[in-house]
Amino acid sequence: MAVSAGPWPTLPVVPDPRAEAVLSSGLIEELSYALGGPFHFLLPDTFDTNLRALREALAEAGVDGVVYFAKKANKAAVWIERSAEGGAGVDIASVGELRETLGHGVRGEDIVVTGPAKDPALLRLAVRHGALIAVDALDELDALITTVRTGRVRRARLLLRCLPPAQPHSRFGMNDTELATALDRCVRAGDAVRMEGFSFHLSGYAIQPRADLAGQLVDLCLKARALGLDADRVSIGGGLAVSYTDAESWCAFLDVQNSGHYHADRTFDTADFYPYHSPHAGAGALRTLLATRPEGYGQSLAGLLRDSGVTLLMEPGRALLDRAGATVFRIQGVKDRAGYQLLTVDGTSLSLSEQWFNSEYLPDPYLLPMNPEASAGVWPAAVGAATCLESDMLTWRKIPFTRRPRAGDLLVYPNTAGYQMDSNESAFHDLALPPKVVIDRTDRDRPRWRLDRHFT
Ligand SMILES: *Cc1c(COP(=O)(O)O)cnc(C)c1O
């Protein structure tokens, strides 16, 4: 039954000509037919554009910088290939990720290894391949130095990861005392290590704390140089925000939404939602960061970096994948409930990972109707998975569709490449993992497609 248009919260994504060209090409319907289940599509041209924008922001500020793609944000091989071609490195944290990254064309010296308490096999391989290793703890530093002394390798390249004073409960990094000890051990290790600088990764998306800590680490580089170490890099980790929607839509959404707008009267703590709009996002966030004056300093971060000859390293995951992919499900069943419908699609919410963080992926999915007679009006509907779990919902929110959803129609969740696609996917219920389809050259009349190298 149609419900008269109420104040249904919506969250439209920012316009994206590349994704829209794919959606209107007829390709999605063909792929859905061919693959016979849910799938992800990837837009590598958009990844290239995002990478170029970051490099331009560095160039404009006159700052020497290196971008490393944080691989954990998406498992597809195509991002590694594009990183290699676009002059980016890759941030990895396991032997599997290292193997994938080398195998898809990124040289060892362009890899940064992060993550805590790295296993000995990872340390050994990373050293052998000349990768840069972000050391997370003193015992790891000792293990690394031992790896060099006992292996057939000349030396290890390393950064020292700092426990952010603003996030003292983080389980990553070393405090001031530990850093001082680490510097001392690096000096004593002599030629076994090249101590290249410091790193951090902050939760959240605020700019000022990143500028502040980066400024302090530039200073620490100068102190380390006085000890005879190289110390010419600072890594600011990831955390460049992505804006999925415009400011007005995001504010309106937060204002309007209440439990009546969700299936089973579910409530979400709005503080658990990803900030779907940020005033500074992607390359814009980097530009702002470089122009920000770290607290206690008389000049911008860019100026500090230039004056001290420090190279800025960054490890963006989500920001490089902004708009670089989407996820397609087919509606298998439609059930009427009081005032709304419950759609069941042919996959699970494991392919839309936000559900697993006490939260919900909010950007409005597109409905691609396969039924020409679909009735217009406002048709609120929540979206459930093809599993036997009450809580396995792709969208608890009653999305106000403007045509009546029917079995066979397709639902396209936009902008899912950053973290939504594969970090939680599993073959639950023996449902196949959705394949990843790479769509090349979306500027042509007919987009061309191929499968990514692997389906995990
Ligand atoms: C997760 C992670 C990143 C990537 O973070 P984004 O928010 O996706 O940019 C970068 N560096 C480290 C150390 C990380 O753990």
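Each ligand, and each atom within it, is numbered from 1 in the order the structure gives.
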Any donor-acceptor N/O pair, R397 side chain to Q257 backbone, under 3.5 Å: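 Looks like no, no N/O pair under 3.5 Å.
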
Go through ligand 1 atom by atom and flag the ones less than 4.0 Å from a non-hydrogen atom of [X].
X    : result
A70  : 3 (C), 4 (C)
D91  : 10 (C), 11 (N), 12 (C)
R161 : 13 (C)
G239 : 5 (O), 6 (P), 7 (O), 9 (O)

salt_bridge(R82, D440) N-O dist < 4.0 Å: yes

Salt bridge flag under 4.0 Å for residues D45 and R323: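 No, no charged N to carboxylate O under 4.0 Å.
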
May I ask whether [X] places a heavy atom under 4.0 Å from ligand 1?
X    : answer
Y419 : yes
P316 : yes
A73  : no

Nearest-option assignment for atom 2 (C) of ligand 1, heavy atoms, candidates K72, R318, M314: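 Looking at heavy atoms only, K72 sits closest to atom 2 (C) of ligand 1.
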
Any N or O of L240 closer than 3.5 Å to N or O of ligand 1: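 No.
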
Any N or O of T114 closer than 3.5 Å to N or O of ligand 1: no

Classify the angle between the aromatic ring planes of [X] and [Y] as parallel (below 30°), tilted (30 to 60°) or perpendicular (above 60°).
X    : Y    : value
Y413 : Y361 : tilted
F268 : F273 : tilted
F253 : W250 : parallel

Shortest protein contact, atom 13 (C) of ligand 1 (heavy atom only): E315 OE1, 3.5 Å

Spatial distance of atom CG (L320) from atom CG (L54) [nearest 0.5 Å]: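 Taking CG in L320 and CG in L54, the distance rounds to 5.5 Å.
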
Minimal non-hydrogen separation, M393 against S349, with atom names: O-CB, 3.4 Å

